[in-house]
Amino acid sequence: MLVIPAIDLKDGEAVRLYKGDYNKKVVYSSHPEELAAGFEKMGAKYLHVVDLDGAKDAHATNKETIKRIRASISIPMELGGGIRDMDTVSMYLEEIGVDRVILGTAAIKNPAFLDEALKKYGPERIVVGVDVRDRKVSIAGWLETSDVDYLTFIHQLEERGVKYIVCTDISKDGTLTGPSFPLYEEIHANSKINFVVSGGVKDDEDVYEVNKRDYYACIVGKAYYEGRINLKEVIENAG
């Protein structure tokens, strides 16, 4: 299992939100590239980065910060937030050297765009973010909720050739109350897609529980920043 540390960007800084609320922000670092380098030294095999401004405004707001992060590490990096056209996909994958991009709003609002991205770059480089609120898929930086059931959406993604998703239970994000295991068990039982557990991880034991269930990967964010998890140790033991 991959243990993937996360950096959420807002105004060029590494932050965490509470349940996706942009008004409930805690700043952890003004130099996200230093955090990224530290994660690699701890043994991380992948880095997860989200441009929160991009997700909300549909614009590559933190492009220069993302460039610095990419230049500071040699491990693969995935990026999500505001990626809604092929020019932006190409810019991140080809110009900046991001290894895979995460499509969210665009994947549900514009399936043809998802198909085009998959055709050009393949399912190893195009990931879809499935953000869930009350079983429905949320979009636009979690500011809107669609009427699409999350499991129906996942089945549609599989049919389109998607192999990887990052699935977040918004009610858990930033709460340190543990992952939404019933949600992930439902996906595991009804789909063959590789999914990344995202949201709510509070301690080492949560990571080991994800590992025990043989899921693809687990994102660690606030638990690390709040000193509740030994990231180096869990990477060694679960990675």
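Treat the numbers as computed from the prediction; the structure is a model and nothing was measured.
One side chain, Glu185 or Tyr215, offers a donor N or O that lies under 3.5 Å from an acceptor on the other. Judged by distance alone, the side chains of Asp53 and Thr61 never bring a donor and an acceptor atom under 3.5 Å apart. The closest side-chain donor-acceptor pair between Glu186 and Tyr150 falls under 3.5 angstrom.
Val130 pairs in a side-chain contact (heavy atoms from CB on, under 4.5 Å) with only one of the listed residues (Thr168, Val166, Leu157, Leu151), which is Leu157. The side-chain contact (heavy atoms from CB on, under 4.5 Å) test with Tyr92 is passed by exactly one of Asp99, Asp51, Asp87: Asp51.
Following chains of ILVMFWY side-chain contacts shorter than 4.5 Å, one cannot reach Leu176 starting from Val207, and the two form parts of different hydrophobic clusters.
The salt bridge (Lys or Arg N to Asp or Glu O under 4.0 Å) contacts involving residues 194-205 comprise Lys202-Asp206, where partners must be two or more places apart or lie in separate chains. The salt bridge (Lys or Arg N to Asp or Glu O under 4.0 Å) contacts involving residues 30-39 comprise Glu33-Arg68, where partners must be two or more places apart or lie in separate chains.
Taking the ring axis of Tyr164 as reference, the NZ or CZ atom of Arg100 stays within 45° of it and closer than 6.0 Å to the ring centre.
Between Tyr208 and Val234 the shortest side-chain heavy-atom distance falls below 4.5 Å. By the 4.5 Å heavy-atom criterion applied to side chains, Ile126 and Lys120 are not counted as neighbours.
The CZ atom of Arg125 sits 12.5 Å away from atom CD of Glu78, with the distance rounded to the nearest 0.5 Å. Rounding to the nearest 0.5 Å places CG of Asp85 at 8.5 Å from CE of Met91. Summarising the geometry, atom OG belonging to Ser198 is positioned 8.5 Å from atom CD1 belonging to Ile102; distances are rounded to the nearest 0.5 Å.
Ser29 places a side-chain N or O within donor-acceptor distance of the main-chain N or O of His31, the cut-off being under 3.5 Å.
A salt bridge does not link Lys119 to Glu116: none of the charged side-chain nitrogens sits closer than 4.0 Å to a carboxylate oxygen.
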Using a 3.5 Å cut-off and no angle test, enumerate the donor-acceptor pairs between side-chain atoms of residues 218-228 and protein atoms at least two apart in sequence or in another chain.
from	atom 1	to	atom 2	distance (Å)
Lys222	NZ	Gly174	O	2.9
Tyr225	OH	Ala6	O	2.7
Glu226	OE2	Tyr28	OH	2.5

